[in-house]
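A, B, ... follow the sequence lines: proteins, then strands. Residue 1 opens every chain.
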There are 2 protein chains.
Amino acid sequence: MTARIQASSSVPVRQSSVRAHNLALVLQTVATSENPISRAFTAAATGLTRATVSALVDDLIAGGLLVERDPAPRSGAGRPAAGLALAPDGAYGLGLEINVDYLAACVVDLSGQVRHRVVTYADQRLGSWETALTRLAELAAFPGASGAALAVPGLVSADGIVRVAPNLGWQNIDAATVLSEALGMPVAVDNEANLAALSELRAAGGRPTFGYVSGEIGIGAGLVLDGALYRGVRGWSGEIGHLPVHPDGRACRCGARGCLEQYAGQEALLRAAGVAALADLPDDADLGEAGAALGIALAGVVNLLDLDTIVLGGIYGPLLPRLLPGIERELRQRVLTFDLAPITLRAAALGADAAMRGAAESVIRSVLDDPAAFLGRA
Amino acid sequence: MTARIQASSSVPVRQSSVRAHNLALVLQTVATSENPISRAFTAAATGLTRATVSALVDDLIAGGLLVERDPAPRSGAGRPAAGLALAPDGAYGLGLEINVDYLAACVVDLSGQVRHRVVTYADQRLGSWETALTRLAELAAFPGASGAALAVPGLVSADGIVRVAPNLGWQNIDAATVLSEALGMPVAVDNEANLAALSELRAAGGRPTFGYVSGEIGIGAGLVLDGALYRGVRGWSGEIGHLPVHPDGRACRCGARGCLEQYAGQEALLRAAGVAALADLPDDADLGEAGAALGIALAGVVNLLDLDTIVLGGIYGPLLPRLLPGIERELRQRVLTFDLAPITLRAAALGADAAMRGAAESVIRSVLDDPAAFLGRA
DNA sequence: CTCAAATAATTCAACCATTGAACAAATCAT
DNA sequence: ATGATTTGTTCAATGGTTGAATTATTTGAG
């Protein structure tokens, strides 16, 4: 656990924290630039002096996080700049995902490029949780990653223990410890919707506050508020599938009535269309009920959190065009500020890989957020 | 606008930022202590050295924010400590509130003590908004405050403009500019529920994540997430009164159907009891419908945000015992994690003064959060 | 009563990170 | 070729924290 600089924290700050912060600032400035950029431009963009940027860049190059490249061509006089870019082999993040019918792993480099990707399809409910985690660790035996994160369809507490994963039949499984021993690196565990939301942060283009809704058998949401994933008091935020949309409506497996899941979950969609699998869903299937239910739930979310962007992923991604009329009708009617400002609804950029990619990117993000910690132990 | 130290911000950090941060750290350590504490204890509590704490304390005393007092008596040998405490006259925050039937103002000192308090009752809808703000400025003519904040029952955007305040009949009123000119000090404007939530932060006792629900003619919520007020993308978060609880139910003045306000707002409560004013509400009035509606809405909020504490204020404070059965029944049934961890429901500590007090405390909080900025211009 | 132990607070040299100005390097335009 | 221009580095100065030494003040034991 490393001390981070933040407002109103109870941690003292010393000169080394200043360096840690500015190191991250420079690294992120380079990371968010499309093309290689010069030290001078980085100085101008960050507000630091060129002298300081040079010193920080020296550290980052020595630590293998940045490399010098040919810069984007520039017109005009002056000494040509040396371009700075993220090192292609600076650090790797291992992203893991376990779900009802597949195991998946991928390796992502500093720039977000996927270097490896493996998926094996098999019903994970048939074997024990030990078997599933062992198989996943074998699958993910890529050397060189500096950390890993696992996406799980369930409630995960802050210590990495999977409290409940109904569709896997898991309860109180310490997946973090098991996997970190098997893989020999630190492993974080998080809810799939949370990690999928993180993967959309890059695609969100400077919008640091949005909601990500993941439609699967259950429905989860990941909330990115003011640039950071909001996890809730115990890490159980985003259970949008059990928002009451018709309080006296259909009985839900959770024991309540009228939960969103009963109207817009995968099983409800299939039932309404009278088919057995998503692939059988006819193009003209009526998704009005699901769209309306989603709209009612999202209207509540927007009224409460004042979001201007909602990203729909999982099965909702490809179905979005047919869900949109129902969602928009309810939002227009029920969101108090609908006439004051628009709400953007869009499909997730990464599709089915979102959670796994988000897991890998969360590792990369921790390096970009605190390069000093990474360099310190390298 | 002062540069603040925070994680992943795009602002460079220099030595002066270190001092600013540690100054705040020391001041807040003293502020949160019950009794006067020594420099040595402050050093141990913050992790700074005694030498640094002494230097920082010198600045804070010179700037009038701290004073030396007799410390709490201590047993054992050794040189006696000099006690440090917030200066009673170090800074004052002016809290303002405008509502349908009253204007109010108060002055709060650094330690949160109320030094002045004025309330005048009159229907603010009868006059113009200029009249109301002028009257409020006259009421609040206490000299010496270092800033003010105004609580308004409506949507306020980040620039301090009141976009809509339906019960006042206001639209696009630049209350911040008008009041800051009249009072000769910076004036922040915010939603009443947001500021009321802030006033409960002190009473929340180390719980930095909770929801505050304010029952009035409308119903608003203030969300304190991870220690900070969450305002949303445009500052319009917390419109819990228009969460859909019975989507096909009663028509609401907002144009939608089944909003919480139609079942648990003040007018709905009075209508259900068949009385004209809150004071006429019989002790045995049936509040079951309102409690259930609140429970349905709050279940959604808790499922989404994983809150463990909800504070009920406004008219709900005194009525809480009679609302609780209905709320708890719905929460028990509908909150997915109800069996995993308890949810605390409690009445607001400050009652009707909450918003005004929160406004004043927000000014104080800005001094405690950034004493360097305060000292710099003093 | 005296002195040692203990605790609080201050002083000061050393250290560390940023700054700003001067300087060196490399290119373009005339 | 030469001057203008931009990039990147060097270095003394500045400002902030640290840690050790020092001073200040009290308690308790002999």
Side-chain angles (χ1 to χ4, degrees), chain A residues 3 5 11-26 30 35-62 66 68-84 371-372 375-376, chain B residues 3 5 11-26 29-30 35-62 66-84 371-372 375-376:
Chain A
I5 307 182
V11 179
V13 165
R14 55 204 88 244
Q15 282 97 324
S16 64
S17 323
V18 172
R19 191 164 190 83
H21 177 98
N22 287 340
L23 225 31
L25 184 59
V26 167
V30 175
N35 300 312
I37 55 175
S38 68
R39 292 165 172 78
F41 183 88
T42 305
T46 57
L48 296 163
T49 63
R50 285 177 301 162
T52 305
V53 169
S54 275
L56 294 169
V57 164
D58 284 350
D59 265 20
L60 292 169
I61 289 179
L66 288 184
E68 289 202 332
R69 282 228 183 297
D70 283 341
R74 174 182 54 80
S75 63
R79 170 177 168 175
L84 298 171
L375 298 178
Chain B
I5 307 183
V11 178
V13 164
R14 55 204 90 244
Q15 281 99 322
S16 64
S17 323
V18 171
R19 189 159 191 87
H21 178 99
N22 288 339
L23 224 33
L25 184 59
V26 166
T29 302
V30 175
N35 300 311
I37 57 175
S38 68
R39 291 167 173 78
F41 182 89
T42 305
T46 57
L48 295 163
T49 63
R50 286 177 301 164
T52 305
V53 169
S54 276
L56 294 168
V57 164
D58 284 350
D59 265 21
L60 292 168
I61 289 178
L66 288 183
V67 290
E68 290 202 333
R69 281 229 183 296
D70 285 341
R74 174 183 53 82
S75 63
R79 169 176 169 176
L84 297 171
L375 298 178

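- Residues from residues 41-56 of chain A with heavy atoms under 4.0 angstrom of DNA chain D, sorted by number: A:Arg50, A:Ala51, A:Ser54.
- When rounded to the nearest whole Å, the span between CG of A:Leu23 and C1' of C:dC16 equals 14 Å.
- A:Arg79 meets the side chain to side chain contact (heavy atoms under 4.5 Å, CB included) test with no other residue; sequence neighbours excluded.
- Summarising the geometry, atom CG belonging to B:Leu23 is positioned 12.0 Å from atom OG belonging to B:Ser17; distances are rounded to the nearest 0.5 Å.
- A:Glu68 is linked by a side chain to side chain donor-acceptor pair (under 3.5 Å) to A:Arg39, counting only residues two or more places apart in sequence or in another chain.
- Nucleotides of DNA chain C nearest to B:Ala40 and A:Arg19 differ in position, and the one nearer the 5' end is that of B:Ala40.
- When all heavy atoms are compared, the tightest approach of A:Pro36 to A:Pro71 is CB-CA, 4.1 Å.
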| query | Step by step, would you call B:Asp59 with B:Arg19 a side chain to side chain contact (heavy atoms under 4.5 Å, CB included)? | reply | CA-CA 11 Å; B:Asp59 265 21; B:Arg19 189 159 191 87; 3.5 Å; yes
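- For A:Gln15 and C:dA14, the CD to C1' distance is 11 Å, given to the nearest whole Å.
- A distance of 6.0 Å separates CG of B:Leu84 from CD1 of B:Ile61, quoted to the nearest 0.5 Å.
- For the pair A:Val13 and B:Val18, the tightest heavy-atom approach, listed with the atom from each and the gap, is O-CG1, 3.4 Å.
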Tabulate below the donor-acceptor pairs under 3.5 Å that side-chain atoms of residues 41-53 of chain A make, not counting sequence neighbours, or state none.
unit_1: A:Thr42; atom_1: OG1; unit_2: A:Ser38; atom_2: O; d: 2.7
unit_1: A:Thr46; atom_1: OG1; unit_2: A:Thr42; atom_2: O; d: 2.9
unit_1: A:Thr46; atom_1: OG1; unit_2: A:Ala43; atom_2: O; d: 3.3
unit_1: A:Thr46; atom_1: OG1; unit_2: A:Leu48; atom_2: N; d: 3.2
unit_1: A:Thr49; atom_1: OG1; unit_2: A:Thr52; atom_2: N; d: 3.3
unit_1: A:Thr49; atom_1: OG1; unit_2: A:Thr52; atom_2: OG1; d: 2.9

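- In summary, contact between chain B and DNA chain D, defined as any nucleotide atom under 4.0 Å from a heavy atom of the protein, begins and ends at D:dG15 to D:dT27 in the 5' to 3' direction.
- Counting all heavy atoms, side chain and backbone alike, B:Val26 lies closest to B:Val57 at CG1-CG2, 4.0 Å.
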Detail all sub-3.5 Å separations between protein N/O atoms and N/O atoms belonging to nucleotides 24-30 of chain C.
unit_1: C:dA26; atom_1: N3; unit_2: A:Arg79; atom_2: N; d: 3.3
unit_1: C:dT27; atom_1: O2; unit_2: A:Gly78; atom_2: N; d: 3.3

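- Each of A:Asp58 and A:Arg14 has a nearest nucleotide on DNA chain D; the 5'-most of these lies closest to A:Asp58.
- One distance of note links CG of B:Asp70 with CG of B:Asn35; it measures 12.0 Å at 0.5 Å rounding.
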